[in-house]
Amino acid sequence: MLGKSTVSGLLSSKHNLPIIDADYLARAVILPGTRGYKAIVSHFGDKVLKPDGISLDRQAISDIVFNDERERKVLNGIVHPAVRRAMVWEVVKCWLSGQWACVLDVPLLIEAGLWKWVGEVVVVYVNEPLQLARLKARPSPNPNEPRLSTTQALSRIKAQMPLSEKLTYADHVLDNSGTEKDLQVQVDSLVNKWKKQSSGWTQKLYWLVPPLGLWAALVTVSVRWLRHNRKVANKRRGRGENATADSTPTPREEVELHTR
Ligand SMILES: CC(C)(COP(=O)(O)OP(=O)(O)OC[C@H]1O[C@@H](n2cnc3c(N)ncnc32)[C@H](O)[C@@H]1O)[C@@H](O)C(=O)NCCC(=O)NCCS
Ligand SMILES: Nc1ncnc2c1ncn2[C@@H]1O[C@H](COP(=O)(O)OP(=O)(O)OP(=O)(O)O)[C@@H](O)[C@H]1O
């Protein structure tokens, strides 16, 4: 945390890239009446329902799962498979509509192992004090609910993998310690780099001949796995602790990911 949604917003509004938002999908798959909703109510009981007896009380769920790893795993086990299915379908739709790239905005990309299936991993980082301050300052999505307290914000931060580990998975790191304008400059330069890498005619060929596209995707993910394994091996050997070239001190981060 933090800055994924801010980066996604820039990629969408300024660069017209389609965004697949895991937080949004995670809400959709637990709406009343869905299988996810029923599983949550059946496991956590009425205490996670609002007084209307129907809507899920997200704050109540947060208070449970961000303070109890076992309960968080149960929730993840209910929500994540449904989110994964929905994301695959969204990626297929992007592909069918001939997009040159699509962006997956996923907070738990690495924890859930999804990093293995994308073209590039972009980590957005801020240092921990700034992350905490921004989390606490962020307005609640529901205007009737208070902002996060320090304890609540810290428990969310602790529910995710530390940055030092996540950086070994990053192909790009965006530094969000400055202003949103600073972030925008980095996003623009990243998109320019992607555009240079992505030659128009090969993209068209991959789209017109899907087996070729699949082959190219397989090569891309295999190269990434190999590169990651090498980084981990280097780290284990006590060399290359700063495996990501442009990484900075000890921030925690957020993940965006970019598939092609
Ligand atoms: C716990 C819930 C109800 C809290 O809802 P709330 O509206 O307060 O927060 P929101 O959904 O906007 O999430 C905000 C951020 O919290 C963090 N977060 C959410 N769930 C988790 C989790 N299971 N583990 C670690 N961090 C999480 C992420 O950084 C996320 O971006 C909700 O986040 C949820 O259903 N989480 C489980 C699904 C999940 O893992 N979602 C993340 C992407 S798949
Ligand atoms: N460079 C910045 N300067 C000031 N505020 C920022 C900056 N970047 C993000 N923020 C603010 O920090 C808060 C969190 O940012 P954002 O929603 O982009 O994070 P996120 O990674 O998507 O968070 P989450 O995973 O919790 O959904 C927002 O209120 C946003 O306006």
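Reckoned from all heavy atoms, side chains included, excluding hydrogens, waters and symmetry mates. First listed ligand is number 1; within each ligand, the first listed atom is number 1.
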>> Using a 4.0 Å cut-off to any heavy atom of K4, which atoms of ligand 2 qualify?
In response: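 Near K4, the atoms of ligand 2 are 18 (O), 19 (O), 20 (P), 21 (O), 22 (O), 23 (O), 24 (P), 25 (O).
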>> Within the 4.0 Å heavy-atom shell around T179, which atoms of ligand 2 are there?
In response: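 Reading through ligand 2 atom by atom, the close ones are 1 (N).
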Pairing donors with acceptors under 3.5 angstrom, does anything connect the side chains of [X] and [Y]?
X	Y	result
K136	T150	yes
Q186	H172	no
T179	D182	yes

> Between the main-chain N or O of A137 and the side-chain N or O of R147, is there a donor-acceptor pair closer than 3.5 Å?
Replying inline: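 Yes; at least one donor-acceptor contact below 3.5 Å.
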Non-hydrogen atoms of [X] versus ligand 2: any pair closer than 4.0 Å?
X	answer
S177	no
L183	no
G3	yes

Once you restrict to heavy atoms under 4.0 Å, what part of [X] touches ligand 1? Side chain, backbone, both or neither.
X	value
L56	neither
L108	side chain
A159	both
L25	neither

[atom2] on [Y] to [atom1] on [X], rounded to 0.5 Å:
X	Y	atom1	atom2	answer
T168	R230	OG1	CZ	13.5 Å
N127	S177	CG	OG	6.0 Å
R224	K116	CZ	NZ	11.0 Å

Would you indicate which of [options] comes nearest to [atom] when only heavy atoms are counted?
atom	options	answer
atom 8 (O) of ligand 1	R58, K73, R156, E111	R156
atom 30 (C) of ligand 2	L10, D23, V106, T6	T6
atom 31 (O) of ligand 2	R134, E180, R138	E180
atom 31 (O) of ligand 1	L135, D23, V106	D23
atom 2 (C) of ligand 1	S5, S62, S155, A22	S62

> Is there a salt bridge (charged side-chain N to carboxylate O under 4.0 Å, His left out) between K47 and D57 once you walk through the steps?
Replying inline: CA-CA 8 Å; K47 61 182 179 295; D57 183 341; over 6 Å; no
> Any N/O of R138 closer than 3.5 Å to an N/O of ligand 1?
Replying inline: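 Not met; the criterion fails.
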>> Side chain, backbone, both or neither: which applies to S5 and ligand 2 if a contact is any heavy-atom pair less than 4.0 Å apart?
In response: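 Both of them.
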> When you look for heavy atoms under 4.0 Å from ligand 2, do you find them on the side chain of D105, its backbone, both, or neither?
Replying inline: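 Neither part.
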> Mind checking whether L135 has an N or O less than 3.5 Å away from an N or O of ligand 2?
Replying inline: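 Checking ligand 2 against L135, no N or O pair falls under 3.5 Å apart.
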>> Against ligand 1, does H80 come closer than 4.0 Å with any heavy atom?
In response: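 H80: in contact with ligand 1 (<4.0 Å).
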>> Counting only heavy atoms not in N229 (residues, nucleotides, ligands), do more than 12 fall under 6.0 Å from its CG?
In response: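 Yes - once you tally the heavy atoms of other residues, nucleotides and ligands closer than 6.0 Å, there are more than 12.
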> Got more than 12 heavy atoms from elsewhere within 6.0 Å of CH2, W225?
Replying inline: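 Check passes, neighbour count above 12.
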> Just wondering, do Y37 and L56 contact through their side chains at under 4.5 Å, heavy atoms?
Replying inline: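 L56 reaches Y37 side chain to side chain.
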> Charged N to carboxylate O below 4.0 Å: is that the case for K4 and D21?
Replying inline: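 A salt bridge is absent here (no side-chain N lies under 4.0 Å from a carboxylate O).
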